[in-house]
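For the numbers below, each heavy atom of this structure counts, side chains included, while hydrogens, waters and symmetry mates do not. Everything numeric here is computed off the predicted structure, so don't read it as measured data. Numbered from 1 within each chain, the chains take letters A, B, ... in sequence-line order.
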Amino acid sequence: QQQVKQSPQSLIVQKGGISIINCAYENTAFDYFPWYQQFPGKGPALLIAIRPDVSEKKEGRFTISFNKSAKQFSLHIMDSQPGDSATYFCAASREGSARQLTFGSGTQLTVLP
Amino acid sequence: DGGITQSPKYLFRKEGQNVTLSCEQNLNHDAMYWYRQDPGQGLRLIYYSHIVNDFQKGDIAEGYSVSREKKESFPLTVTSAQKNPTAFYLCASRHSGGPGELFFGEGSRLTVL
């Protein structure tokens with residue numbers, strides 16, 4: 001019930017295209033869903049996050065879509081750029097359990113110039 | 001500048017040796033975490049601490065030990081009991097209470113020879 005399933009494992013997109021990464025969860029107690037971006041040899045950094053009381057959140061070219069009934073959420077990167085090439089992790093947490101984040105397995109995004 | 005400092009960045013160890021990875025933060029965060037990252041497996045929680053002199057096991061604590069004698073410091077020891085210690089180790093911290101951004105260090109890559 002703690003698992004967060006992420007797909008695809010890798011994604012190749014042309015510059016200017018839309019990158020879409022999907023995550024699904026089972027535990028309905030999760031109430032915070034962040035996305036982290038990690039460049040090679042670096043630690044992850046928070047990209048964008050959403051709470052389940054909204055269905056969509058947009059920050060610049062990055063949008064989270066959230067479907068509470070389906071227990072799914074996704075990251076959309078509009079007008080993808082080569083500088084977006086990185087590994088992306090979805091995650092989820094809930095009240096209690098010290099607010100531990102449960103991470104998805106990651107998606108390696110490559111944006112071709 | 002505020003942040004999390006991990007050292008060493010690279011570490012080589014012979015089988016049977018214990019090694020200690022350092023993690024220091026000057027963000028005044030109460031909560032600190034250690035994650036292990038392996039290719040295709042996302043980030044898995046080893047140990048976490050929400051207060052000085054207290055820490056809890058995460059999902060994969062076997063073969064690891066930690067201490068939290070100071071708010072700023074949360075060192076991780078990889079013991080000889082850890083069967084497969086070669087990995088990328090990430091330290092993180094955040095403010096306690098409610099969901100919030102997890103700040104990561106740049107990681108330590110441990111290789112067992």
Would you say the side chain of [Y] lies within less than 4.5 Å of the side chain of [X], judging by non-hydrogen atoms?
X      : Y     : answer
A:Q81  : A:R61 : yes
A:T107 : A:Q9  : no
B:S93  : B:Y33 : no

Q: Can you tell which part of A:Q38 gets under 4.5 Å to a heavy atom of chain B, answering side chain, backbone, both or neither?
A: side chain
Q: Check whether A:P34 gets within reach of chain B through its side chain, its backbone, both or neither, counting any heavy atom under 4.5 Å.
A: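 A:P34 has no heavy atom closer than 4.5 Å to chain B.
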Q | Under 3.5 Å side-chain donor-acceptor pair for A:H76 and A:T63 | A | no
Proximity breakdown for [X] and chain A, heavy-atom pairs closer than 4.5 Å:
X      : result
B:Q37  : side chain
B:L102 : both
B:L45  : side chain
B:F88  : side chain

Q: Apply the side-chain contact (heavy atoms from CB on, under 4.5 Å) test between B:Y35 and each candidate in B:Y48, B:F104, B:Y47; give the one that qualifies.
A: B:F104
